[in-house]
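Chain letters run A, B, ... following the sequence lines, proteins first and then strands; every chain starts at 1. All figures in this text were calculated on a predicted structure; none of them were measured in a lab.
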Protein chains: 2
Amino acid sequence: MHANVKQNVIPLNVPGLKVACSQCNLRELCLPFGLAEEELERLDTLIGGRRKIKRGQHLYRSGDPFEAIFAIKAGFFKTDVLTEDGRDQVTGFQMAGEIIGMDGISTEAHTCNAVALEDSEVCLIPFAELESLSSEIRALQHHFHKVMSREIVRDHGVMMLLGTMRAEERLAAFLLNLSQRFTARGYSSAEFHLRMTREEIGSYLGLKLETVSRAFSRFQDEGLISVQQKHIRILDIPNLKALLGPPGGGRH
Amino acid sequence: MHANVKQNVIPLNVPGLKVACSQCNLRELCLPFGLAEEELERLDTLIGGRRKIKRGQHLYRSGDPFEAIFAIKAGFFKTDVLTEDGRDQVTGFQMAGEIIGMDGISTEAHTCNAVALEDSEVCLIPFAELESLSSEIRALQHHFHKVMSREIVRDHGVMMLLGTMRAEERLAAFLLNLSQRFTARGYSSAEFHLRMTREEIGSYLGLKLETVSRAFSRFQDEGLISVQQKHIRILDIPNLKALLGPPGGGRH
DNA sequence: CTAGCCCTTTGATCTGTGTCAACCACGTTA
DNA sequence: TAACGTGGTTGACACAGATCAAAGGGCTAG
């Protein structure tokens, strides 16, 4: 492991270089949010380094011992649960700035799989140390609780989607959610690249891939979006949002 | 704190009497789990008193400012989310020993409604004080994180149910889950009283009430359970469990 | 005890989505 | 450049569950 001595290039991940939340451009979205300067520096000492995950590789698997949570530095992940009988449910898609792995806290072992959908990089946050630091920095403790709570609220939203929405509403909600999260990261809200397959979208939304594909086509026919493989352009946000109000239009 | 001097009667809720986790018969299920004697006593000072909730009353409503979480001392609750357009999704049923209200942490306001399905009683846990005490008692902090994480894992289970199971599998999973939770509380695993309506079960399971009713009838015809209104007796747990392995029997 | 209402059950029919199948488009490898 | 494989689209048809409808049973409140 020898130092990388290329010049003119900002070196990343040079051995010995400490990862720094305080310098991270995602700090407003991620765990450091709301911490003071001095606290941020202490947070820097917490991060256990970075890890690169290639597309298709697992960040962790169900059953792995739980030791750390991860902050996504770059890239895109899916998490899924699978049962003995072969059922597979995608429980979420995670992007830069989001925290992943909190499912493992309860049993000291991960309860789902996390797979990179593109080449990605995560920051390791050793959990025992996070708890230590939390008890010293109240703002960190509180913020971490908010992050977990937000996950619970997000899950309730998915339950609502799976329990009450029709196929096209689900897909519209999904696209609007992605759009909004890309916006928060400074990317276009109208144009983006899907990192997941139709089957993965379907699993997340409780639909079959053919149904997802048909809904995409219908949206395109109606001028709401333009689809070309994984490239999506949202053309008519208002009408896409209007789809979320259910069929009749609000009654029943 | 002043001694209560009534004799022969165990006094409950007498004004001035401190609620005590250390004496609670639910402590092995609830927040105190795993704490040492001395820590338990400090936890006692945290509890902000009890509150009785009559059947049909709200413990909190979506939008209420978030100040405390609640430990259910006795009774039965449902939580639900509703959208502007009138959709209603039951996100869970909670019973004695369970913690409710963690959805409110993220935004400082509750994001769902909690309604008592029978006359109930909860212990108030002021959240700011819980965080304070957490930073002093590491075991409490860690246990609270486990409780939140367990909620996330539970939600993933519901997503799996809503995303991949057919009506009868959903109902079987629901009954087995209730049975298991009653068992953990020392009640019969085979015979219990449903506190919720068919419509509420349906909302939770992503089904219409008629479908729930039909599935109950089918189970009864097949000798798996006996149903009389809200009274349920589970007759054949093995075959009920077998329903969870999907139709074909594991393929696809 | 009675009236009223809500909850539940059951039947008949309709429909959104799943299933099965064929074909196509793109990206990768040889 | 050709051949392959994975992922995506589209069509025809089937079916689980929704919807509509009607009737019965048990609480709850007077």
Q: What is the separation between atom CG on A:L162 and atom P on C:dT17, rounded to the nearest whole Å?
A: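 Computing the A:L162:CG to C:dT17:P distance gives 13 Å.
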Q: Is it the case that more than 12 heavy atoms not belonging to B:F182 sit under 6.0 Å from its CZ atom?
A: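 Atom CZ in B:F182 is packed in, count exceeds 12.
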Q: Scan B:G206 against the nucleic acid and name what it touches under 4.0 Å (heavy atoms): base, sugar-phosphate only, or nothing.
A: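 The answer is sugar-phosphate, as B:G206 gets under 4.0 Å only of primed atoms, P, OP1 or OP2.
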Q: A:Q228 has an atom CD; how far is it from atom C1' of C:dC24, in whole Å?
A: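 Distance check: A:Q228 CD to C:dC24 C1' gives 14 Å.
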Q: Counting side-chain heavy atoms from CB outward, which of C:dT17, D:dA16, D:dG7 is closest to A:T197?
A: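 That would be D:dG7.
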Q: Quick check for you: among D:dT19, C:dT8, D:dG17, whose closest atom lies nearest to any side-chain atom of B:K208?
A: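 Within the option list, the nearest is D:dT19.
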Q: Look at the side chain of B:Q229 and decide which nucleotide, out of D:dG17, D:dG26, C:dG18, has an atom nearest to it.
A: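 The nucleotide sitting nearest to the side chain is D:dG26.
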Q: Just compare D:dA16, C:dT8, C:dG18 and give me whichever is closest to any side-chain atom of B:K230.
A: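 Of the options given, the side chain of B:K230 lies nearest C:dT8.
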Q: Ignoring backbone atoms, test whether A:R198 places a side-chain nitrogen or oxygen under 4.0 Å from the OP1 or OP2 oxygen of D:dG7.
A: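 Looking at the OP1 and OP2 atoms of D:dG7, neither is under 4.0 Å from any side-chain N or O of A:R198.
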Q: If you only use heavy atoms from C-beta on, which nucleotide in C:dT19, D:dT19, C:dG18 is closest to the side chain of A:R214?
A: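 Selected nucleotide (nearest to the side chain): C:dT19.
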Q: Looking for any heavy atom pair under 4.0 Å, which part of the strands does B:L209 touch: base, sugar-phosphate only, or nothing?
A: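 Base contact - B:L209 has a heavy atom under 4.0 Å of at least one base atom.
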Q: Output the rounded distance in Å from NE2 (A:H231) to P (C:dG27).
A: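 Result: 13 Å.
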Q: Determine whether any donor atom in the side chain of A:E210 lies under 3.5 Å from an acceptor atom in the base of C:dC20, or the reverse, and answer yes or no.
A: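 Such a pair is found, so the answer is yes.
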Q: Round to a whole Å and report the spacing from CZ of A:F216 to P of D:dG7.
A: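 It works out to 16 Å between those atoms.
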Q: Would B:Q89 and A:H156 count as having a side-chain donor-acceptor pair, cut-off 3.5 Å?
A: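 Absent: no donor and acceptor within the cut-off.
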Q: Taking atom CZ as the centre, does B:R61 end up with more than 12 heavy-atom neighbours from other residues, nucleotides or ligands that are less than 6.0 angstrom away?
A: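 Open: at most 12 neighbouring heavy atoms sit under 6.0 Å from CZ of B:R61.
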Q: Measure from CE on A:M196 to C1' on D:dG8 and round the result to the nearest Å.
A: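 Rounding to the nearest Å, CE of A:M196 and C1' of D:dG8 are 15 Å apart.
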Q: Taking everything shown except A:E118 itself, do over 12 heavy atoms lie less than 6.0 Å from its CD?
A: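 Correct, the count exceeds 12.
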Q: Please classify the nucleic acid contact of A:S217 as base, sugar-phosphate, or nothing, using heavy-atom distances under 4.0 Å.
A: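 Since only primed, P, OP1 and OP2 atoms lie under 4.0 Å of A:S217, the category is sugar-phosphate.
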Q: So which one's nearest nucleotide on DNA chain D is more toward 5', B:R55 or B:M165?
A: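 The answer here is B:M165.
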Q: From D:dG7, C:dT9, C:dG18, pick the nucleotide closest to the side chain of B:S213?
A: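 The nucleotide sitting nearest to the side chain is C:dT9.
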Q: Among A:R55, A:K54, A:K52, find the residue that satisfies the salt bridge (charged side-chain N to carboxylate O under 4.0 Å, His left out) test when tested with A:D119.
A: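 So the option named by the test is A:K54.
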Q: Rounded to whole Å, please give me the gap between CZ in A:R218 and P in D:dG11.
A: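 It is 12 Å, rounded to the nearest whole Å.
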Q: Let me know the distance between CZ of A:R166 and C1' of D:dA16, rounded to the nearest Å.
A: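 Roughly 15 Å, once rounded to whole Å.
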Q: Send over the distance from A:L194 CG to D:dT6 C1', rounded to a whole Å.
A: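 Distance, rounded to whole Å: 17 Å.
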